[in-house]
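Structure, as structure tokens:
In what follows, every chain begins at residue 1, and chains take the letters A, B, ... in the order their sequences are listed. Just so it is clear, the structure is predicted and the values come from calculations on it, not from any experiment.
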Amino acid sequence: MTAVVELNHVTKRFGSFVAVDDVSFAIAKGQIVSLLGPSGCGKTTTLRMISGFDDPEEGEVLISGVNMKGKRPYERNVGLLFQDYALFPHMTVNQNVAYGLKYRGFDAKAIPGRVSQMLDLVKLTGFESRRPGQLSGGQQQRVALARALAISPEVVLLDEPLSALDAKLRQELRLELKEILNAVGATTIVVTHDQEEAMSLGDIVIVMNDGRIMQKGAPTEIYAAPKTKFVAEFIGRSNWFSGRFAGAAGNGVARFETSEGLSINALKPDDPRMADDDFELCVRPERINRLEGNGNPSGAGEGQTILKGQVRDIAHLGSDIHLVVNVSGRSLVVIEQYHGQTLEHAGEEIEVAFRPEDCIVVPANS
Amino acid sequence: MTAVVELNHVTKRFGSFVAVDDVSFAIAKGQIVSLLGPSGCGKTTTLRMISGFDDPEEGEVLISGVNMKGKRPYERNVGLLFQDYALFPHMTVNQNVAYGLKYRGFDAKAIPGRVSQMLDLVKLTGFESRRPGQLSGGQQQRVALARALAISPEVVLLDEPLSALDAKLRQELRLELKEILNAVGATTIVVTHDQEEAMSLGDIVIVMNDGRIMQKGAPTEIYAAPKTKFVAEFIGRSNWFSGRFAGAAGNGVARFETSEGLSINALKPDDPRMADDDFELCVRPERINRLEGNGNPSGAGEGQTILKGQVRDIAHLGSDIHLVVNVSGRSLVVIEQYHGQTLEHAGEEIEVAFRPEDCIVVPANS
Amino acid sequence: MRRWFDDIGYAVILFVIAVTVLFLIAPIVVSVMMSFDGRAYLGKFPPPNYSWHWYQNFFSDTFYLGGLKTSLILAVIATLVSTTAGVSAAIVLDRYEFRGKQALEALFLSPLVVPAVVIGFALLLFFALLGVFDGFTRLMGAHIIITFPYTVRTTLAGLVGIRKTLTEAAMSLGATEMQAFWDVTFPLARTGIVAGAVFAFAFSMDDVAVSLFLTSPDTYTLPVAMVSMMRTNFDLTIAAAAVVLMVFTFALILVLDWIIGLERLIGKGVFRS
Amino acid sequence: MRRWFDDIGYAVILFVIAVTVLFLIAPIVVSVMMSFDGRAYLGKFPPPNYSWHWYQNFFSDTFYLGGLKTSLILAVIATLVSTTAGVSAAIVLDRYEFRGKQALEALFLSPLVVPAVVIGFALLLFFALLGVFDGFTRLMGAHIIITFPYTVRTTLAGLVGIRKTLTEAAMSLGATEMQAFWDVTFPLARTGIVAGAVFAFAFSMDDVAVSLFLTSPDTYTLPVAMVSMMRTNFDLTIAAAAVVLMVFTFALILVLDWIIGLERLIGKGVFRS
């Protein structure tokens with residue numbers, strides 16, 4: 001299967017600022033790929049180079065195998081969904097969706113059919129003669145999607161597609177958007193700074209920082225096995241310890257001594273450099289368990305790390321309980337699902353535990 | 001213990017629009033109360049009536065037992081934290097925090113000491129001579145807090161205190177804000193539309209809608225035992241069924257027949273009107289469990305409701321997995337914590353179960 | 001007691017406003033009433049009786065009518081030319097970043113900064129240098145130059161609100177940059193462009209400082225005619241002329257208000273002076 | 001092929017801009033060069049040699065100097081009075097909602113809409129009615145009225161950016177509304193207020209249309225002096241006068257640019273005309 005979009009060693013500078021630095025990736029037909037990173041990481045510049053609003057300085061952008069060098073945006077077949085939707089406010093929904101068709105060489109007779117087919121796809125039949133100003137945010141997003149998909153683009157680029165919507169609506173539309181993209185089999189790149197958006201929409205997530213690709217993989221892989229501290233911190237919450245490995249504890253488990261003197265059982269990394277190097281160890285908050293019954297370690301399995309601490313804060317946020325526990329002067333965040341359990345009060349002493357396989361170890365300063 | 005702030009049957013209209021409708025509540029010294037509701041629910045008008053920028057039409061506002069009728073804002077002793085912080089951009093951090101002290105009759109010699117005490121409290125010592133424009137969003141928020149607390153107000157009003165910050169920072173500052181308020185023992189009202197903000201900061205949450213108080217209680221109580229559909233829907237996510245009770249199933253459990261023909265075991269409500277009335281039943285997504293082993297109900301306890309369905313979508317969002325399951329043509333949302341389990345693919349058949357005590361039953365149209 | 005300062009502060013402000021209002025309204029009201037004075041001579045205010053006869057004088061005086069005709073022709077042509085040039089200039093200023101953009105912007109708006117008498121005198125010299133002594137041609141050139149900044153400003157104000165992503169969206173859908181302009185930018189900037197045209201028209205109609213330098217005995221504008229009549233033959237026909245000119249301007253402003261709303265005009269600062 | 005339309009479009013626009021630039025720059029450059037003409041008579045362009053003698057003429061001519069003096073005195077007083085009144089009016093318009101607010105706003109800005117010759121004539125009648133025939137008093141009143149809208153506009157533009165919550169924050173901290181104004185609003189609106197004052201000064205200095213109606217033989221402004229010299233005694237001293245007036249205005253604009261930045265001025269549309 002040949003790649004629909006391929007970037008080979010693409011670099012782009014603005015003055016002395018390197019916006020995109022030697023980026024290469026390829027996207028297969030029908031794949032949804034998320035480009036995730038903080039603002040200024042180069043993800044938007046990458047999107048603009050694929051769509052033709054910027055040109056790479058080095059490297060090449062191929063769409064369906066054709067080098068796009070020097071092609072203006074209207075000479076490429078790329079569908080764009082803008083963050084602000086960019087609907088034409090003086091045109092009706094119908095006119096917006098039909099706009100690209102006349103320029104993309106659709107037969108004039110075929111246009112009405114194509115438009116109603118697209119509006120049917122995004123469930124907006126009946127809204128044909130409304131203006132964008134008369135639609136809700138979610139409806140506008142769907143019109144913009146219909147307009148971008150109508151021209152049968154080779155690749156669809158979505159720029160922060162859900163960020164203009166409020167939190168509740170975002171959750172609903174996320175699924176709808178994914179199902180529409182899958183229904184038309186669109187090859188898609190989603191550019192976003194929102195971890196949940198990237199992970200829920202993308203088959204593959206590419207994490208970018210400072211213009212470079214940090215890691216690429218399935219959402220679960222990125223979350224469970226981040227290769228650097230940047231990726232681990234950017235995706236989800238995490239409790240960090242820095243320290244060194246101080247010997248084996250049997251069963252492939254090694255003892256990790258933290259800088260504040262705690263001892264943690266972690267899986268031995270395969271890394272041959274591990275000997276005396278500094279490492280950072282992180283435990284996801286949902287992997288830390290509160291032990292029932294004060295001081296009774298029976299609730300914890302073999303080899304688990306048990307830490308004593310004092311509840312600093314407990315907050316019931318809805319489906320989750322967030323517990324902040326003070327352990328040797330540092331705060332650990334623990335997330336539990338709420339199942340009607342009794343909640344501690346700030347100041348109580350508790351014990352928490354986590355397994356060696358719940359520890360993620362990355363090189364220091366990564 | 002006498003109430004610091006007391007509202008008695010307060011009503012406020014703007015033209016024919018009733019912004020606040022017969023609202024009464026009392027706040028004890030040192031309590032943190034969240035006023036939670038959608039925009040236009042009257043929470044901001046309530047805040048403005050307490051601070052003196054609006055006057056109630058009916059009813060009275062008492063602060064420390066004194067009727068505030070006709071008192072201008074500068075004649076009340078109320079500290080305000082604005083949503084946009086409202087820092088004076090042409091004054092330094094020091095001048096901002098000191099601003100209220102000169103008007104509130106502090107001895108000129110005592111002012112520098114009070115200012116540095118407040119900056120110490122919000123951990124901004126060393127920033128005295130910066131201008132607000134040179135501070136980050138989180139730092140600005142803390143200066144605004146220091147300024148509001150410096151005048152030793154009888155009550156502190158926070159208007160959407162964290163909404164101007166991005167998601168990650170918000171989680172960090174929430175705890176810090178709570179600890180500062182507790183440290184000075186401030187009687188506090190937090191006005192917010194954000195459920196997590198309201199639940200994590202407030203000892204008590206007051207849910208408002210259409211100018212009226214819908215429910216008042218501890219965060220856990222509001223979440224676990226909402227009295228109306230509005231409250232249940234506004235706080236957290238929920239899966240709704242409408243239907244009627246169709247007889248007992250033993251052990252205080254009643255059979256609930258949904259309009260799409262599903263049968264659900266729920267606790268019998270105490271409501272004597274229950275006989276033939278329409279009810280709405282909701283199950284929180286984290287209370288629904290996936291059954292391991294296809295078709296094997298042994299994983300489910302006695303009396304549980306077991307539903308068969310097809311996975312429509314599965315999204316790994318970080319600490320949580322969101323599963324959308326198609327059951328008899330309607331979508332159920334299931335939230336699980338991620339512990340490294342294998343994820344289903346869309347289209348697979350699964351069974352989910354929940355207990356009678358996980359069902360929340362409210363009257364229809366509430 | 002502290003509240004008292006607040007209350008006295010309001011009182012002072014309200015007094016200042018009342019005086020200002022009086023001085024703004026009264027002269028215009030007096031002039032309008034005097035233009036309907038029934039007496040045949042310039043008498044005391046208020047007029048004892050009212051008639052249209054000063055207006056009859058105005059509309060039968062070939063000197064005034066000559067000025068009115070020249071003013072209208074000048075205004076129409078100046079509006080057309082400066083709107084075309086102004087829109088082109090505004091598009092370039094809005095869309096592109098280039099060296100010297102700021103200088104160009106300052107230059108386009110310079111007729112707003114250079115005193116009108118200086119522009120008038122400079123054009124007088126410049127046209128003499130070019131060998132142009134025909135009054136109409138000189139006035140035409142001058143009116144185009146002094147109305148041009150208004151069309152640039154209002155078009156720019158209209159363009160500023162149009163998000164760049166709209167043009168990009170059109171281009172991603174297959175339109176060239178020019179097609180995107182005509183399909184999207186132009187319809188959205190239309191109100192700003194119309195406002196500029198109306199202001200250009202009104203400003204051309206009302207100018208006196210520049211025109212004074214460039215009139216010839218047989219080509220002069222209505223305001224110039226009023227000034228010279230004031231010196232040579234002062235009677236209330238000038239009041240009638242003033243009301244005619246004012247009604248003209250107000251009608252234009254009302255049309256504009258109807259099209260885009262006066263508040264937006266004030267807000268965008270496109271109000272002519 | 002489709003790209004070709006884009007490219008030719010740019011070419012047309014660039015040509016329009018080039019022509020405009022020529023007509024905007026050339027007359028001013030010619031005037032400035034001619035004002036340094038070394039010849040004693042009005043000769044052809046360019047001057048064969050340069051000297052200051054037209055400036056020496058200007059600064060030794062009591063007629064011009066009288067106009068310059070009157071212009072400066074008028075401008076200083078008009079600026080002070082109309083800035084005070086304009087700031088008061090702008091505060092009321094910005095802070096309070098009341099019936100007739102829109103009408104008041106339109107009224108305050110009406111001197112921008114009413115043609116200058118109409119204002120001049122109306123004031124002439126109005127002052128005659130009040131029995132005021134002193135040239136200086138009449139000019140003073142006129143200059144306050146025509147500069148007032150600029151101070152209102154720029155102050156309003158300065159106030160618009162100031163969030164209402166700042167005043168509320170100050171009041172919640174114990175300041176009365178007046179104290180909140182002086183502590184918070186005034187310092188933040190200061191650049192807008194200064195801009196208004198500078199514009200008022202420049203506009204008062206440059207006005208000719210209104211002043212023409214209200215001058216008396218011994219009280220006249222510099223622009224009026226230029227107009228009357230052009231008719232009676234045309235020589236290049238007027239060029240020198242024009243350069244002096246222009247330098248004055250430019251110096252003010254530069255001061256303003258230095259204080260608040262020219263771009264912000266253009267953006268806020270507070271540019272005088």
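In terms of heavy-atom pairs under 4.5 angstrom with chain C, the leader among D/Leu124, D/Ile238, D/Ile119 is D/Ile238. Interface summary for chain C: among D/Val92, D/Val29, D/Asp207, the most heavy-atom pairs under 4.5 angstrom belong to D/Val92. When each of D/Ile25, D/Leu24, D/Ile146 is scored by its heavy-atom pairs under 4.5 Å with chain C, the top score falls to D/Leu24.
Contact of the C/Phe148 side chain with the D/Phe23 side chain is not registered, since no non-hydrogen atoms from C-beta on lie closer than 4.5 Å. Contact of the C/Val117 side chain with the D/Asp206 side chain is not registered, since no non-hydrogen atoms from C-beta on lie closer than 4.5 Å. In this structure, C/Phe213 and D/Val227 have side chains that are in contact, with non-hydrogen atoms separated by less than 4.5 Å. Proximity of C/Arg231 to D/Leu212: side-chain heavy atoms (C-beta onward) are separated by under 4.5 Å at one or more points.
C/Leu42 touches chain D through its side chain: at least one heavy atom from C-beta onward sits under 4.5 Å away, while N, CA, C and O do not. Neither the backbone nor the side chain of C/Ala128 comes within less than 4.5 Å of any heavy atom of chain D. With a 4.5 Å cut-off on non-hydrogen atoms, D/Leu129 touches chain C through its side chain but not through its backbone. With a threshold of 4.5 angstrom between heavy atoms, D/Leu222 does not approach chain C through any atom at all. Interface remark: D/Val21 contributes backbone and side-chain atoms alike to the contact with chain C (heavy atom separation under 4.5 Å).
Here the options are D/Ser35, D/Ser31, D/Pro27, the test is side-chain contact (heavy atoms from CB on, under 4.5 Å), and the partner is C/Leu125; only D/Ser31 passes.
Within residues 240-248 of chain D, the residues that have a heavy atom under 4.5 Å from a heavy atom of chain C are D/Ala242, D/Leu245, D/Met246, listed by number.
With sequence neighbours left out, the side-chain contact (heavy atoms from CB on, under 4.5 Å) criterion links C/Thr167 to C/Arg95, C/Met171, C/Ala180, C/Thr185.
How far CE of C/Met226 is from CZ of D/Phe121: 7.0 Å, rounded to the nearest 0.5 Å.
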